[in-house]
There are 2 protein chains.
Amino acid sequence: MAKHTGLMTIGQVAQQVEVASSTLRFYEREGLIRPTKRSKAGYRLFDREALEQLRFIRAGQAIGFALNDIKALLLLDEETSCKRVQRLIEQRLVEIDAKLVNLKRLRSTLNDALGRCRKSKRGCAVVADLKGMSKKRKTLYS
Amino acid sequence: MAKHTGLMTIGQVAQQVEVASSTLRFYEREGLIRPTKRSKAGYRLFDREALEQLRFIRAGQAIGFALNDIKALLLLDEETSCKRVQRLIEQRLVEIDAKLVNLKRLRSTLNDALGRCRKSKRGCAVVADLKGMSKKRKTLYS
DNA sequence: TCTAACCTTTAAGTTAGGTTTATGGTACGC
DNA sequence: GCGTACCATAAACCTAACTTAAAGGTTAGA
Ligand SMILES: [Zn+2]
Ligand SMILES: [Zn+2]
Ligand SMILES: [Zn+2]
Ligand SMILES: [Zn+2]
């Protein structure tokens with residue numbers, strides 16, 4: 001189909017960028033892409049630039065931007081918008097650092113718990129702890 | 001209300017454990033808690049054990065368990081289930097480590113991008129890169 | 001010409017962990 | 001007896017990024 005125009009159907013595009021056709025329709029609904037034209041039968045037809053745009057989108061996602069951020073980036077002019085890009089990246093960095101702190105704390109808490117769980121001989125010390133230090137603590141003596 | 005039975009209404013419990021009443025109803029729907037009884041008018045009435053159970057739930061969440069995991073933990077007997085607890089914790093650790101790896105990679109990618117963005121003098125190098133190295137690269141020469 | 005593999009649309013479902021809204025009954029102090 | 005604060009239910013809504021379903025039209029190949 002459309003061999004001579006160089007245009008591709010949604011499925012062909014989907015295959016090229018390794019994304020589901022439904023995702024492409026979703027991106028269109030969200031205003032991230034737009035087919036060059038429609039065939040007589042209503043099929044979406046994309047040109048090669050759509051591939052680049054989609055790779056841009058996926059690259060943006062890969063480095064952690066939300067689709068909304070990417071939509072903003074797509075509207076930017078390379079010449080005029082470094083400030084905006086920097087602000088976006090800085091925001092993402094702050095979020096990421098916060099997540100890292102939380103995850104690391106979480107990791108060490110869980111790791112401690114695992115250690116206690118492994119050492120506990122009569123009854124699970126972790127469950128016991130969670131169920132409240134405030135109780136009978138039969139796990140400690142007899 | 002219920003002063004002599006030692007039972008508390010949902011709002012009192014909510015206040016004690018610092019959680020919204022709607023959350024408690026949600027937990028009940030999800031099978032995580034159950035009121036001791038209902039008042040004649042249909043009000044949920046909880047005893048003090050509910051407070052402990054809720055603190056268990058929040059403690060579990062705080063160390064990164066999903067409500068489903070916590071539900072499983074609640075059904076466990078302290079005496080018989082260390083293996084299960086260990087498996088749960090180990091799974092969580094694997095997930096957390098994977099997330100940490102991703103986040104760290106992401107962080108350094110974004111940080112590099114930020115550096116390039118700051119250094120780029122004519123046009124945003126980051127947007128240019130995302131828009132495809134494969135192109136005219138007018139950002140490099142002239 | 002048949003059939004499989006495309007494509008179209010609108011609408012609803014998925015994930016987690018709740019919150020909000022609408023509508024109406026209850027409890028308590030004054 | 002009233003006002004205010006509390007409680008009940010069912011259902012819808014929230015975020016993010018999609019996926020799936022239902023119902024049907026199109027195209028390519030043998
Ligand atoms: Zn254990
Ligand atoms: Zn820049
Ligand atoms: Zn849910
Ligand atoms: Zn059909």
Side-chain angles (χ1 to χ4, degrees), chain A residues 1-5 7-46 50 54 57-72 74 91-92 95 99 102 106, chain B residues 1-5 7-46 50 54 57-72 74 91-92 95-96 99 102:
Chain A
M1 122 104 37
K3 277 182 196 107
H4 290 293
T5 65
L7 298 177
M8 295 164 290
T9 64
I10 197 172
Q12 291 167 334
V13 173
Q15 199 179 353
Q16 294 282 325
V17 290
E18 297 187 276
V19 87
S21 301
S22 60
T23 304
L24 298 184
R25 291 192 198 99
F26 168 72
Y27 285 170
E28 187 185 355
R29 280 204 300 287
E30 296 293 302
L32 285 153
I33 56 172
R34 209 165 2 132
T36 310
K37 55 174 288 199
R38 295 284 187 129
S39 80
K40 208 167 138 189
Y43 285 23
R44 289 164 181 84
L45 296 175
F46 298 90
L54 279 165
I57 294 171
R58 301 304 266 188
Q61 283 191 303
I63 65 174
F65 285 109
L67 288 184
N68 262 353
D69 291 345
I70 295 171
K71 197 163 150 188
L74 282 170
Q91 281 171 19
R92 289 291 296 134
E95 290 169 30
K99 279 189 192 169
N102 280 333
L106 186 52
Chain B
M1 122 105 32
K3 276 180 197 107
H4 290 295
T5 65
L7 297 178
M8 295 165 290
T9 63
I10 196 171
Q12 291 167 333
V13 172
Q15 198 179 352
Q16 295 282 324
V17 290
E18 298 187 276
V19 87
S21 301
S22 60
T23 304
L24 298 183
R25 292 191 197 100
F26 168 73
Y27 286 170
E28 188 184 354
R29 281 202 302 283
E30 297 293 301
L32 285 155
I33 56 171
R34 206 162 8 127
T36 310
K37 54 174 289 197
R38 295 284 187 130
S39 80
K40 208 168 136 187
Y43 286 22
R44 288 166 180 83
L45 296 175
F46 298 90
L54 279 165
I57 293 170
R58 303 304 269 189
Q61 283 191 304
I63 65 174
F65 286 108
L67 289 185
N68 262 353
D69 290 345
I70 295 171
K71 198 165 151 187
L74 283 169
Q91 280 171 21
R92 288 292 296 134
E95 289 168 29
I96 287 168
K99 279 189 194 168
N102 279 332

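Lettering follows sequence order; numbering is per chain, from 1. What you see below is based on every heavy atom in this structure, not just the backbone, and it leaves out hydrogens, waters and symmetry mates. Remember, predicted model here, so these are calculated numbers, not experimental data.
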Checklist outcome for this item: Closest to the 5' end of DNA chain C, once B/F65 and B/K40 are matched to their nearest nucleotides, is B/F65
Item to check | From D/dA8, D/dC18, D/dT19, nucleotide with atom closest to A/A20 side chain | outcome: D/dT19
Next on the checklist: Taking CD in B/Q61 as the centre, count heavy atoms belonging to other residues, nucleotides or ligands within less than 6.0 Å. Is the count above 12?
Outcome noted: yes
Next on the checklist: Under 4.0 Å, counting only non-hydrogen atoms across every strand here, what does A/E30 touch: a base, just sugar-phosphate, or nothing?
Outcome noted: nothing
Checklist entry - Hey, does B/R25 reach any base, or is it just sugar-phosphate, or nothing, if we go heavy atoms under 4.0 Å? => result base
Checklist entry - Nearest of D/dT19, D/dC6, C/dT20 to any side-chain atom of B/Y43? => result D/dC6
Item to check | A/T23, nearest nucleotide to its side chain (from D/dG25, D/dC18, C/dT9) | outcome: D/dC18
Checklist entry - In whole angstrom, what separates B/L7's CG from D/dC7's P? => result 14 Å
Next on the checklist: Can you work out whether B/R29 or B/A41 has the more 5'-proximal nearest nucleotide on DNA chain D?
Outcome noted: B/A41
Checklist outcome for this item: Here the pair of heavy atoms bringing B/I33 nearest to B/L24 is CD1-O, 3.4 Å
Checklist entry - If you measure from OH on B/Y27 to OG on B/S22, what distance do you get to the nearest 0.5 Å? => result 10.0 Å
Next on the checklist: Taking the minimum atom-to-atom distance to the side chain of B/Q61, which one of D/dA8, C/dG18, D/dT27 wins?
Outcome noted: C/dG18
Checklist entry - Over how many whole Å does the gap from A/L54 atom CG to D/dC18 atom P extend? => result 11 Å
Checklist entry - To the nearest Å, how far apart are A/R44 CZ and D/dT26 C1'? => result 14 Å
Item to check | Upstream residue (5' side of DNA chain C) when A/I10 and B/A66 are each assigned their closest nucleotide | outcome: A/I10
Next on the checklist: side-chain contact (heavy atoms from CB on, under 4.5 Å) for A/K99 and B/K99? Distances and angles first, verdict last.
Outcome noted: CA-CA 10 Å; A/K99 279 189 192 169; B/K99 279 189 194 168; over 6 Å; no
Next on the checklist: What is the distance, to the nearest angstrom, from the CZ atom on A/F26 to the C1' atom on C/dT10?
Outcome noted: 16 Å
Item to check | A/T23 to A/R58 - nearest heavy-atom pair and separation | outcome: CG2-NH1, 4.4 Å
Checklist entry - Whole-Å distance between D/dT27 P and A/M8 CE? => result 18 Å
Checklist entry - For B/L24 and D/dC7, what is the distance between atoms CG and P respectively, to the nearest whole Å? => result 10 Å
Checklist entry - If you take atom types as modelled and just measure distance, does the side chain of B/Y27 reach the base of C/dG17 with a donor-acceptor pair under 3.5 Å? => result no
Checklist outcome for this item: Whole-Å distance, B/L45 CG to C/dA27 P, equals 10 Å
Checklist entry - For D/dT19, does either OP1 or OP2 sit under 4.0 Å from a side-chain N or O belonging to A/S22? => result yes
Checklist entry - For the pair made of CD in B/Q15 and P in D/dA5, what is the distance, rounded to whole Å? => result 14 Å
